[in-house]
Number of protein chains: 2
Amino acid sequence: MAQTDTVTRILDTAEVLFAERGFAETSLRTITSKARVNLAAVNYHFGSKKALIQAVFSRYLDPFTERFHGVLDDLEARHAGGVIPLEELLESMARTVLEVPAERHSLKVFMKLLGLAYSQAQGHLRRYIQEEYGSVFMRFTELVRRATPELPDSERFWRLHFVLGTVIFTLSGLDALRDIAEKDYGEHVTVRDLIRRLRPVVVAALNAPLPEAPVASHAEAS
Amino acid sequence: MAQTDTVTRILDTAEVLFAERGFAETSLRTITSKARVNLAAVNYHFGSKKALIQAVFSRYLDPFTERFHGVLDDLEARHAGGVIPLEELLESMARTVLEVPAERHSLKVFMKLLGLAYSQAQGHLRRYIQEEYGSVFMRFTELVRRATPELPDSERFWRLHFVLGTVIFTLSGLDALRDIAEKDYGEHVTVRDLIRRLRPVVVAALNAPLPEAPVASHAEAS
DNA sequence: TGATGTTTCAAACAATCGTTTCCATCGAGG
DNA sequence: CCTCGATGGAAACGATTGTTTGAAACATCA
C-alpha cells in the first residue's frame, strides 16, 4: 500500500499549501518536498497539476455531496410531500458542511479552498465544480424555493448567493479575522461559534423585505 | 508627458488583467505587450511587480478614502453631535464605492481586485491595505457602533464582516453569476440593480436578532 | 526463482518567470 | 553647440516552473 500512502501524503500536503498560498503560488516542488515524495510522483499519480487541484476538491466534495443527498432524502421523507421549513434546510446544510471535513482535516482548509475556487476562478476549476457538483446544489435550491414561495425566483437566486458569499468569505478568511477579533474583543472564536452567529444573520437576510421597485431616474431617497 | 502616458497605460492594462486572472497568473510580459510598452518599463517606473500591484490598488483606494472621509465629514456635520442612522451610513458608503471607480473604469474590476486581495492574501498585499487604509474603515465602524448601540461589540464586528463578504463576493463574481441569472431568469442585472437588491438584505442582516447563547460543549479544533 | 507490471528516484527538459544590463534616444539648460 | 539626466528599447540574466525521461527498486504471481 505504498502507492496509496504516497497519493494520500500528496493530497494532505497539497490541500494545506493550496489553502495557505493559492494554487499558482504553490509549486509542485514545494508540495513534494514537504510531503517527502519524489517530484515526479504528482505527474505519475495525478497526471498534471491541474488534475491534482481537482483531486483535492474531489476528496472534499465527493463525500459532501453524497452525504448531503442522503440528508435531503431524509428531510424529504420526514416531510413527506410537504414543505421543508427554511431553517431546517439551512441547519441540515450547515451540519453536513461541518461534518464532512471534520472527518478528515479542518473546515478552515475546506472553506479556504472554496473561496479560492470562487475568486481565482481559473476557468477549469470553476467549470469542473459546476459540472461535477451542480446537481446537488440545484436540488437544494429547489427545496429552498418551496420553502420560500413568497420570494420571486430571481430574488431568491441572488439572496442565496449573498449568503453563500457571507459564509465562504467569512470562513475562508477566518484566521485573519479571528486574530483581529481576539485582539480587540479578547474572545477566542471557534468555527461552531461563528456558525451560531451566522444563523440568525442568514435567516434574516433571506427573509428581508423585498427591495423597492427600481426607480426610473436616479433620484435617491434616504 | 510620455512618462505619465506609459505609467497610465501600464496601470490600465494591469488592473484589467489582474482582475481577470489574478496576480501570479498575470506575467509582466503579458501586461507590457498588451499595453504596448517595453518589458523593462514596469521595473523602471514601479520598481517591482509587487509595487505595481500596490500601485494598482492605490489608484482606486486613494481617491476612495479621501472622498469617503469627506462624505463622513458631511454626515457628522449634518447630525452634529448626534447619531447617524445606520441606513444613512450604509447608503453613503455604497454611493462612494459606486462613484469612485465610475470615474475611472468599471466597478467590477475594483471589486474583483478587492476579492483577490482578500482571498489570495499574499501577506504583503493584505498588510499594505490594512496599514494604508485601515483608518477610514475604523472611523466607519465607530460610526456604525454609535448607530447600533444595542449590538455587542463583537457581534457587530462579525456582522460587518458578514455583509462585507456578501458585497465583495457577489460583486467580484458578478460576471459568472450574471450569466447564470440571465440564462435562468432572463433578466439583465446591472450593478445598481444588485445594490438595490443588496440594501434590504444588508440592513436585515445587521438588524437580525442576537444568536442564542452558546451551549456549553466540547472545544473545537480550528 | 524468474518474469512482469508498478512505483520510486535522480536528472534533465523546455518554457516562462521577474529582473537587470547596456545602449540609443530625447529634451531642456548651460 | 554640447551635456546630462530621464525614458524607451532589445537582449540577456539567473532562477523557477511543470513536465518528461530512463533506469533502479519494488511487489506480485506463475
Side-chain angles (χ1 to χ4, degrees), chain A residues 1-59 113 116-117 120-125 127-128, chain B residues 1-59 113 116-117 120-125 127-128:
Chain A
M1 272 266 182
Q3 121 226 14
T4 298
D5 198 46
T6 297
V7 168
T8 304
R9 248 194 346 262
I10 291 176
L11 286 173
D12 289 346
T13 311
E15 69 176 21
V16 173
L17 291 176
F18 283 154
E20 282 176 355
R21 324 181 181 184
F23 303 117
E25 295 86 349
T26 306
S27 70
L28 293 185
R29 283 171 176 81
T30 307
I31 297 174
T32 52
S33 74
K34 197 156 201 164
R36 296 196 324 276
V37 304
N38 190 269
L39 168 62
V42 169
N43 286 278
Y44 176 77
H45 287 286
F46 297 94
S48 67
K49 186 182 181 180
K50 271 159 69 165
L52 169 64
I53 295 175
Q54 295 184 353
V56 166
F57 275 87
S58 296
R59 205 164 60 138
L113 290 176
L116 283 177
Q120 299 226 164
Q122 13 175 298
H124 80 99
L125 226 189
R127 257 177 282 122
Y128 170 77
Chain B
M1 270 276 181
Q3 118 225 15
T4 297
D5 199 44
T6 297
V7 168
T8 303
R9 248 194 346 262
I10 291 176
L11 286 174
D12 288 347
T13 311
E15 69 175 22
V16 173
L17 291 176
F18 283 153
E20 281 177 355
R21 324 182 181 185
F23 304 117
E25 295 86 349
T26 305
S27 70
L28 293 184
R29 284 172 176 80
T30 307
I31 298 173
T32 52
S33 75
K34 197 156 202 165
R36 297 197 323 278
V37 303
N38 191 267
L39 168 61
V42 169
N43 285 280
Y44 177 77
H45 286 287
F46 297 95
S48 68
K49 186 181 181 180
K50 272 158 69 165
L52 169 63
I53 296 176
Q54 295 183 353
V56 167
F57 275 87
S58 297
R59 206 165 58 140
L113 290 176
L116 282 177
Q120 299 225 163
Q122 13 176 308
H124 79 99
L125 227 190
R127 255 177 285 120
Y128 169 76

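Quick note on labels: first sequence line is chain A, next is B, and so on, each numbered from 1.
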Checklist entry - For the pair made of OH in Y44(A) and P in dC26(D), what is the distance, rounded to whole Å? => result 16 Å
Next on the checklist: Nearest whole Å is fine: how far is dT7(D) C1' from R9(B) CZ?
Outcome noted: 13 Å
Checklist entry - Considering residues at least two apart in sequence or located in another chain, which fulfil the side chain to side chain contact (heavy atoms under 4.5 Å, CB included) criterion with S33(B)? => result none
Checklist entry - NA contact type, T30(A), heavy-atom cut-off 4.0 Å: base, sugar-phosphate, or nothing? => result nothing
Checklist entry - Sequence neighbours excluded, which residues qualify as ring pair (Phe, Tyr, Trp, His ring centres under 6.0 Å) partners of F46(A)? => result none
Next on the checklist: Looking at R21(A) and T26(A), would you say the former's side chain and the latter's main chain have a donor-acceptor pair under 3.5 Å?
Outcome noted: no
Next on the checklist: Please report the distance, rounded to the nearest Å, between CD1 in I10(A) and P in dT7(C).
Outcome noted: 12 Å
Short N/O separations, protein against nucleotides 24-27 of chain C, under 3.5 angstrom:
none

Item to check | Interatomic distance where CG belongs to L28(B) and C1' belongs to dA15(D) [whole Å] | outcome: 15 Å
Next on the checklist: With a 4.0 Å limit, can you tell me whether H45(A) has a side-chain N or O closer than that to the phosphate oxygens OP1/OP2 of dT8(C)?
Outcome noted: yes
Checklist entry - In whole angstrom, what separates R21(B)'s CZ from dT16(C)'s P? => result 13 Å
Checklist outcome for this item: Across all chains, not counting sequence neighbours, the ring pair (Phe, Tyr, Trp, His ring centres under 6.0 Å) partners of Y128(A) are none
Next on the checklist: Counting C-beta onward and ignoring hydrogens, is there a side-chain heavy-atom pair between K34(B) and D12(B) closer than 4.5 Å?
Outcome noted: no
Checklist entry - Would you say dT7(D) has OP1 or OP2 under 4.0 Å from some side-chain N or O of T6(B)? => result no
Next on the checklist: Check this one for me: any side-chain N or O of N43(B) less than 4.0 Å away from OP1 or OP2 of dG18(C)?
Outcome noted: no
Checklist entry - Excluding sequence neighbours, so at least two apart, what forms side chain to side chain donor-acceptor pair (under 3.5 Å) with S27(A)? => result T30(A)
Item to check | Contacts of L39(A) that satisfy side chain to side chain contact (heavy atoms under 4.5 Å, CB included) - sequence neighbours left out | outcome: L28(A), R29(A), T32(A)
Checklist entry - For the side chain of K49(A) and the backbone of N43(A), is there at least one donor-acceptor N/O pair under 3.5 Å apart? => result no
Checklist entry - Between D5(A) (CG) and dA27(D) (P), how many Å, whole number? => result 13 Å
Checklist entry - Quick one: L52(A) CG to dT17(D) C1', roughly how many Å, whole number? => result 15 Å
Next on the checklist: Measuring from atom OG of S58(A) to atom CD1 of I53(A), what distance do you get when rounded to the nearest 0.5 angstrom?
Outcome noted: 12.0 Å
Could you write out each protein N or O paired with an N or O of nucleotides 10-14 of chain D at a distance under 3.5 Å?
residue : atom : partner : partner atom : Å
dA10(D) : N7   : N38(B)  : ND2          : 3.4
dA12(D) : N6   : R29(B)  : NH2          : 3.4

Checklist entry - If only side-chain N and O atoms of S27(A) are considered, is one of them under 4.0 Å from the OP1 or OP2 phosphate oxygen of dT17(D)? => result yes
Checklist entry - Hey, does the side chain of S48(B) come within less than 4.0 Å of dG18(C)'s phosphate (OP1/OP2), counting only N and O? => result no
Next on the checklist: What is the distance, to the nearest angstrom, from the CD atom on E25(B) to the P atom on dG18(D)?
Outcome noted: 12 Å
